[in-house]
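Below: one structure, written as structure tokens.
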Amino acid sequence: MYYFSKKQKLLSKQSYKQVFDNAEIKISRKYFLILARRNKQENAKIGIIISKKNIKHAVNRNRCKRLVRESFRMNQDKIKGLDFIFLARKGLDCLKNKEFYSEIDSQWNTVISRINPHIFYK
RNA sequence: CAAGUUAAUCAGACAGUCGCUGCAAAUUUUUUGCAGAGGAAAGUCCGGGCUCCAAAGGGAAAAGCGCCAGGUAACGCCUGGGAAGCGAAAGCUUACGGAAAGUGCAACAGAAAAUAAACCGCCUAAUCAUAUUAGGUAAGGGUGAAAAGGUGUGGUAAGAGCACACCGCAUGACUGGCAACAGGGCAUGGCAUUGCAAACCCCGCUUGGAGCAAGGCCAAAUAGGAACUCAUUGAUGCGUCCCGUAUCGAGUUCGGGUAGGCUGCUUGAGGGAUUCGGUGACGAUUCUCCUAGAUGAAUGACUGUCAUAUUUGUACGCAGAUACACAGAACCCGGCUUAUGAUUAACUUGUAUU
């Protein structure tokens with residue numbers, strides 16, 4: 001089952017800091033930046049950061065968050081045991097939903113390909 | 001049909017799959033059921049509730065408001081009325097108290113900007129020879145945002161409320177109105193009081209401060225600490241100042257409150273309907289409904305059908321594609337302001353037809 005609860009979120013300042021300080025993978029694209037780091041748990045976790053500077057209206061910020069979360073939810077079994085931080089850049093809110101998904105879904109695969117030598121999953 | 005004015009309503013609908021937040025129930029950790037953004041949730045510009053600050057006291061200062069009456073928990077809001085202004089009209093707009101309490105300012109231009117004044121002009125007199133000096137004048141010219149009532153007749157050296165008629169203005173009574181105010185009616189006055197109070201100011205009314213990160217409870221760590229008794233007149237604090245007022249130093253006895261969690265938290269000046277009162281804002285009455293509570297912050301995604309708009313292809317039956325405004329609750333209400341897609345109704349003006 002694909003579900004998404006508080007277990008899959010980064011909740012505290014410390015856990016954010018850990019990912020920022022020792023990010024093993026960086027994926028930079030035009031509209032966003034993904035940081036990733038291995039954790040010692042089974043779940044994958046994600047934190048989403050969208051600043052007011054980059055996306056002005058609260059409606060669009062919420063929409064981006066929800067779409068990123070949805071994409072993460074559908075792909076989470078591929079990327080177990082990793083902590084992510086998703087940073088939005090300017091212009092992310094201009095994408096339509098379909099374009100949005102095609103942009104992000106492909107990134108999970110590149111994450112796997114980079115991390116694959118180090119990790120085994122059941 | 002076109003242009004405009006004023007109100008009101010809606011914010012695509014339904015079904016399925018996966019997911020999130022809260023509540024309830026079961027079973028015990030997973031299921032099932034129910035509920036889950038707005039008219040502006042926005043700007044944070046006003047006004048309250050609620051909470052704490054020391055008993056939230058007195059005075060000064062400061063700030064806000066300002067036609068009248070009503071509504072309201074309250075307001076800088078709303079309703080009705082008055083006045084002034086804008087518009088051809090429907091209608092709209094207004095910081096709309098006081099300038100004879102005092103002070104101040106009025107750029108440039110202009111002769112002069114407020115105890116009036118005299119550049120050109122007009123008139124009189126003198127000199128002198130067509131200009132100068134002295135006086136009178138406020139009709140004409142020019143300047144300005146603004147120039148000390150207007151028009152006409154009489155009058156005069158020329159003129160002037162100097163006099164008269166009409167209009168305007170001021171004051172007083174009277175009439176109407178709760179009042180602001182109104183009155184081509186009455187009396188008095190020859191006209192005084194130029195404008196600016198969004199200059200100081202005066203008058204009237206209002207205002208203590210800070211905010212749910214308020215505040216309360218449970219509580220790892222670490223240092224200060226709390227109660228009682230004794231001593232004392234300087235410091236600190238009460239978020240503008242003064243008055244006023246609270247705390248402190250020593251000894252004894254007790255304990256402490258940051259991370260984190262819980263609470264505050266959603267039943268309320270609540271919504272809907274009926275009847276009654278009121279021009280209306282609104283008030284009263286009875287019945288009925290319960291309708292988000294997140295906290296690295298839920299309310300989403302995908303698919304299908306129908307509906308709306310645009311557009312492409314049309315065999316005029318339809319088929320395909322695209323789009324669907326402004327915008328996201330954070331303690332809660334009442335307003336204001338700004339953003340914005342439609343639809344409907346009433347009214348005004350113009351045109352065409354009958």
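Quick caveat: nothing in here was measured; it's all calculated off a predicted structure. Letters A, B, ... are given to chains in the order of the sequence lines, protein chains preceding strands, and every chain is numbered from 1.
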If we call it a pair only when both distances are under 3.5 Å in a Watson-Crick or G-U wobble match, what pairs with [N]?
N	result
B:U266	none
B:C178	none
B:C18	B:G300
B:G155	none
B:A114	none
B:G38	B:C326
B:G57	B:C243
B:C52	B:G209

Please measure how far the [atom1] atom in [N] lies from the corresponding atom in [M], and state the result in whole Å.
N	M	atom1	answer
B:G208	B:C242	C1'	16 Å
B:C287	B:A309	P	48 Å
B:A3	B:A74	P	48 Å
B:G149	B:C46	P	49 Å
B:G70	B:C178	P	12 Å
B:A7	B:A15	P	38 Å
B:C174	B:G350	C1'	50 Å
B:A301	B:U32	P	23 Å

How should the glycosidic conformation of [N] be described, syn or anti, under the criterion that syn lies within 90° of 0?
N	answer
B:G49	anti
B:A199	anti
B:G39	syn
B:U94	anti
B:U266	syn

All side-chain contact (heavy atoms from CB on, under 4.5 Å) counterparts of A:Tyr31, not counting sequence neighbours: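 For A:Tyr31 the side-chain contact (heavy atoms from CB on, under 4.5 Å) partners, ignoring immediate neighbours, are A:Leu92, A:Leu95.
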Can you pull every protein N or O that's under 3.5 Å from an N or O on nucleotides 329-332 of chain B?
none

Below 4.5 Å, heavy atoms only, C-beta onward: do A:Ile25 and A:Leu35 meet side chain to side chain? no
By nearest nucleotide on RNA chain B, pick out whichever of A:Gly47 and A:Lys56 is the more 5' one.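 This one resolves to A:Gly47.
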Can you tell me how far apart CD1 (A:Ile55) and CZ (A:Arg89) are? Round to the nearest 0.5 Å.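 Here the rounded value is 12.5 Å.
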Return the CD1 to CD1 distance between A:Ile104 and A:Ile34, rounded to the nearest 0.5 Å.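 The CD1 atom of A:Ile34 is 7.0 Å from CD1 of A:Ile104, to the nearest 0.5 Å.
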Send over the distance from [X] [atom1] to [N] [atom2], rounded to a whole Å.
X	N	atom1	atom2	answer
A:Asn60	B:A325	CG	P	12 Å
A:Ile104	B:A301	CD1	P	14 Å
A:Arg61	B:A297	CZ	C1'	12 Å

For a side-chain contact (heavy atoms from CB on, under 4.5 Å) with A:Ile48, tell me which candidate from A:Ile85, A:Val68, A:Leu87 qualifies. A:Val68
Quick note, salt bridge (Lys or Arg N to Asp or Glu O under 4.0 Å) partners involving residues 53-71 of chain A, not counting sequence neighbours, are A:Glu70-A:Arg73
Which residues pass the side chain to side chain donor-acceptor pair (under 3.5 Å) test with A:Asn54, not counting sequence neighbours?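 Expected list: A:Ser51.
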Steps toward side chain to side chain contact (heavy atoms under 4.5 Å, CB included) verdict (A:Arg37, A:Leu82): CA-CA 6 Å; A:Arg37 178 180 172 278; A:Leu82 289 167; over 6 Å; no
Extract from the structure each pairing of a protein N or O with an N or O of nucleotides 298-300 of chain B at less than 3.5 Å, listing the distance.
from, atom 1, to, atom 2, distance (Å)
B:U299, OP2, A:Arg66, NE, 2.7
B:U299, OP2, A:Arg66, NH2, 3.1

Check ring pair (Phe, Tyr, Trp, His ring centres under 6.0 Å) between A:Phe32 and all other residues, then give those that pass, not counting sequence neighbours. A:Phe86
